[in-house]
Peer 1: 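Please find one structure pasted underneath; my questions will follow.
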Amino acid sequence: MRRFYASPENFNDQQVFLDMEQSRHLSSVLRLTEGNKIRVFDGLGNEFSCEIEKIEKKKTSLKIIEKISPSAPESGLDLTLAVAVLKGEKFDLVIQKAVELGVANFVPLVTKRCDVKIKDSTKKIERWEKIVIESSKQCGRAKLMQISELIEFQDFIEMPEGAKILFAERNGESFSEIKADKKITAVIGSEGGWEDSEIVSAEKKGFQIITLGGRILRSETAAISITGILQHNFGDLR
């Protein structure tokens, strides 16, 4: 059954309304018609079985049949993934896979060796949020991964609570030494790696430095692989 996203304010007790973009996909791409049944989630973890009542140019009206369980439940691990901004499609891929792997919060970082210049962060975040919605529709999650504003690394390390881990290419402990609970912040650097001053600053703020042995990974590979390993060890990816 096809899945669609509607923001919480588009729901009432008996109906839900799809916006213009979702309506266009429903009618023009998928060729669904009135009377067809679909699934709709609100981004807060709730999902509903619905029937299409009326398709219009700017919105689609749906009748709520019943509340149902999302096909992909949320992980018990409250994982925040902070990644230095990468070029173009590499960062889009990291965001997409973070959604699939159950990341709760995603933070785009600006580090000293980050060579990506973002002129309009608002447009970038809007693009990333659309990727989150589309990835959630495909992977079965009913709760949207939250993307924060672009933030400087030195400002970010003041904020996290719970287990704080920075993955670096040198001077770290092994993965088996991670001291973790059900709330983890994992930080991945840029393609150029970390400057020594950044690692020292993170350690002073209580971050555990971890170095993976055996492989040299690109930043996007590291972000995806590390997320999967953390979910396997501390979350629901068994």
Peer 1: Less than 4.0 angstrom from a charged side-chain N to a carboxylate O is my criterion; do R24 and E21 meet it?
Peer 2: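 No, no charged N to carboxylate O under 4.0 Å.
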
Peer 1: Give me the one residue out of I226, T111, T227 that meets side chain to side chain contact (heavy atoms under 4.5 Å, CB included) with I188.
Peer 2: I226

Peer 1: Test your reading of the model: is there a side-chain donor-acceptor pair from T60 to the backbone of L18, 3.5 Å cut-off?
Peer 2: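 Looks like no, no N/O pair under 3.5 Å.
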
Peer 1: Is the backbone N or O of F17 less than 3.5 Å from a side-chain atom of N10, with the two atoms forming a donor-acceptor pair by type?
Peer 2: yes

Peer 1: Report whether V94 and I133 are members of the same hydrophobic cluster (ILVMFWY, side-chain heavy atoms less than 4.5 Å apart, transitive linking).
Peer 2: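 In one cluster with V94: I133, yes.
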
Peer 1: Quick check: are there more than 12 heavy atoms from other residues, nucleotides or ligands sitting under 6.0 Å from NZ of K143?
Peer 2: no

Peer 1: Does atom NZ of K137 have more than 12 heavy-atom neighbours, drawn from other residues, nucleotides or ligands, at distances under 6.0 Å?
Peer 2: yes

Peer 1: Can you measure from CG (L237) to CD (E100) and round to the nearest 0.5 angstrom?
Peer 2: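 Taking CG in L237 and CD in E100, the distance rounds to 11.5 Å.
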
Peer 1: For V83 and L109, what are the C-alpha separation, side-chain angles and deciding distance, and is it a side-chain contact (heavy atoms from CB on, under 4.5 Å)?
Peer 2: CA-CA 6 Å; V83 184; L109 292 178; over 6 Å; no

Peer 1: Got more than 12 heavy atoms from elsewhere within 6.0 Å of NZ, K87?
Peer 2: no

Peer 1: Hey, any chance L150 and I147 share a hydrophobic cluster, counting ILVMFWY side chains that come within less than 4.5 Å of each other, even indirectly?
Peer 2: yes

Peer 1: A side-chain contact here means heavy atoms from C-beta on lying under 4.5 Å apart; do R127 and D92 qualify?
Peer 2: yes

Peer 1: Kindly determine whether T80 and I184 satisfy side-chain contact (heavy atoms from CB on, under 4.5 Å), including the steps that lead there.
Peer 2: CA-CA 6 Å; T80 295; I184 297 176; over 6 Å; no

Peer 1: Where is the tightest heavy-atom contact between T33 and I52, given as atom of each residue plus distance?
Peer 2: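 Smallest interatomic distance, heavy atoms only, reads O-CD1, 3.5 Å.
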
Peer 1: Within a 6.0 Å radius of atom CD on E9, are there more than 12 heavy atoms belonging to other residues, nucleotides or ligands?
Peer 2: yes

Peer 1: For the CD1 atom of I125 and the NZ atom of K130, what is their distance to the nearest 0.5 Å?
Peer 2: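 Between atom CD1 of I125 and atom NZ of K130 there are 14.0 Å.
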
Peer 1: Would you give the length of the straight line joining atom OG of S225 to atom CD of E220, rounded to the nearest 0.5 angstrom?
Peer 2: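 Nearest 0.5 Å value for the OG-CD distance: 10.0 Å.
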
Peer 1: For the residue pair W128 and F106, is the inter-centroid distance of their aromatic rings smaller than 6.0 Å?
Peer 2: no

Peer 1: Could you check whether R113 pairs with E191 (Lys NZ or Arg NE/NH1/NH2 to Asp/Glu carboxylate O, under 4.0 Å)?
Peer 2: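 A salt bridge is absent here (no side-chain N lies under 4.0 Å from a carboxylate O).
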
Peer 1: NZ of K59 to CD of E56: how many Å apart, nearest 0.5 Å?
Peer 2: 5.5 Å

Peer 1: Identify the two heavy atoms, one from G228 and one from L101, that lie closest to each other, and give their separation to 0.1 Å.
Peer 2: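 Shortest heavy-atom separation between G228 and L101 comes out as N-CD1, 4.0 Å.
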
Peer 1: Should I151 and V110 be marked as a side-chain contact (heavy atoms from CB on, under 4.5 Å) after you check the CA-CA gap, both sets of side-chain angles, and the distance that decides it?
Peer 2: CA-CA 6 Å; I151 186 171; V110 177; over 6 Å; no

Peer 1: Checking the side chain of N233 only, and the main-chain atoms of L230 only, is there a donor and an acceptor separated by less than 3.5 Å?
Peer 2: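 Answer holds: no.
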
Peer 1: Could you tell me whether E158 and K205 make a salt bridge, using a distance below 4.0 angstrom between a side-chain N and a carboxylate O?
Peer 2: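 Salt bridge: yes.
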
Peer 1: Does K123 pair with E126 as a salt bridge, N-O distance under 4.0 Å?
Peer 2: no

Peer 1: Is there a path of hydrophobic side-chain contacts, each under 4.5 Å between heavy atoms, that joins F234 and M145?
Peer 2: yes

Peer 1: For residues M20 and K57, determine if any side-chain heavy atom of one lies less than 4.5 Å from a side-chain heavy atom of the other.
Peer 2: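 M20 vs K57: side chains apart.
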
Peer 1: Does any pair with a residue in residues 188-225 pass ring pair (Phe, Tyr, Trp, His ring centres under 6.0 Å), and if so which ones, sequence neighbours excluded?
Peer 2: F153-W194

Peer 1: Quick one, F4 and V16 - any side-chain contact, counting heavy atoms below 4.5 Å?
Peer 2: no

Peer 1: Do the side chain of E53 and the main chain of E51 share a donor and acceptor less than 3.5 angstrom apart?
Peer 2: no

Peer 1: Do V107 and F156 have side-chain heavy atoms sitting under 4.5 Å apart?
Peer 2: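 They are in side-chain contact.
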
Peer 1: Per the side chain to side chain donor-acceptor pair (under 3.5 Å) rule, what does the pair list look like for residues 167-178, sequence neighbours excluded?
Peer 2: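 Those involving residues 167-178 are R170-D196, E173-Q208, S174-S176.
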
Peer 1: Considering non-hydrogen atoms only, spot the tightest contact between V99 and S136 and give its length.
Peer 2: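 Minimum heavy-atom contact is CG1-OG, 3.6 Å.
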
Peer 1: Linking I/L/V/M/F/W/Y whenever any side-chain heavy atoms sit under 4.5 Å apart, do I165 and L77 land together?
Peer 2: yes

Peer 1: Out of curiosity, N36 CG to S27 OG, how far, rounded to the nearest 0.5 Å?
Peer 2: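 The CG atom of N36 sits 11.5 Å away from the OG atom of S27.
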
Peer 1: Just wondering, do L30 and I38 contact through their side chains at under 4.5 Å, heavy atoms?
Peer 2: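 Contact flag for I38/L30 side chains = no.
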
Peer 1: Got a donor-acceptor contact below 3.5 angstrom from the T211 side chain to the G172 backbone?
Peer 2: yes

Peer 1: Determine the interplanar angle of the Y5 and F41 rings, folded into 0 to 90°, and report it as parallel if under 30°, tilted if 30 to 60°, perpendicular if over 60°.
Peer 2: tilted

Peer 1: Assigning hydrophobic clusters by single linkage (Ile, Leu, Val, Met, Phe, Trp, Tyr; side-chain heavy-atom cutoff under 4.5 Å), is L212 placed with L166?
Peer 2: no

Peer 1: So that I can tick it off, tell me whether E47 and R3 are bridged by a salt bridge, with the cut-off set at under 4.0 angstrom between side-chain N and carboxylate O.
Peer 2: yes

Peer 1: So do P70 and R141 actually touch side chain to side chain, heavy atoms under 4.5 Å?
Peer 2: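 Result no, sub-4.5 Å side-chain heavy-atom pair not found.
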
Peer 1: Which heavy atom of D181 sits nearest to which heavy atom of A163, and what is that distance?
Peer 2: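 Distance-wise, the nearest heavy atoms are OD1-N, 3.9 Å.
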
Peer 1: Hey, are K58 and D19 close enough for a salt bridge, meaning a charged N less than 4.0 Å from a carboxylate O?
Peer 2: no

Peer 1: Donor-acceptor pair, H232 side chain versus R238 backbone, under 3.5 Å?
Peer 2: no

Peer 1: Side-chain contact, heavy-atom cut-off 4.5 Å: T185 with N105?
Peer 2: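 Side-chain contact under 4.5 Å: no.
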
Peer 1: Roughly how far, to the nearest 0.5 Å, is the CD atom of Q14 from the CD1 atom of I64?
Peer 2: 8.5 Å

Peer 1: Between S71 and G140, which heavy-atom pair has the shortest distance, and what is it?
Peer 2: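 Closest pair (atom of S71, atom of G140, distance): OG-CA, 3.4 Å.
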
Peer 1: Check the pair K112, E198 against side-chain contact (heavy atoms from CB on, under 4.5 Å), reporting the backbone distance first and the verdict last.
Peer 2: CA-CA 8 Å; K112 290 185 177 180; E198 292 175 314; 3.4 Å; yes

Peer 1: Taking the side chain as everything from C-beta on, heavy atoms only, tell me whether Q154 gets closer than 4.5 Å to S201.
Peer 2: yes

Peer 1: So which atom in A223 and which in L81 form the shortest heavy-atom distance, rounded to 0.1 Å?
Peer 2: O-CD2, 4.4 Å

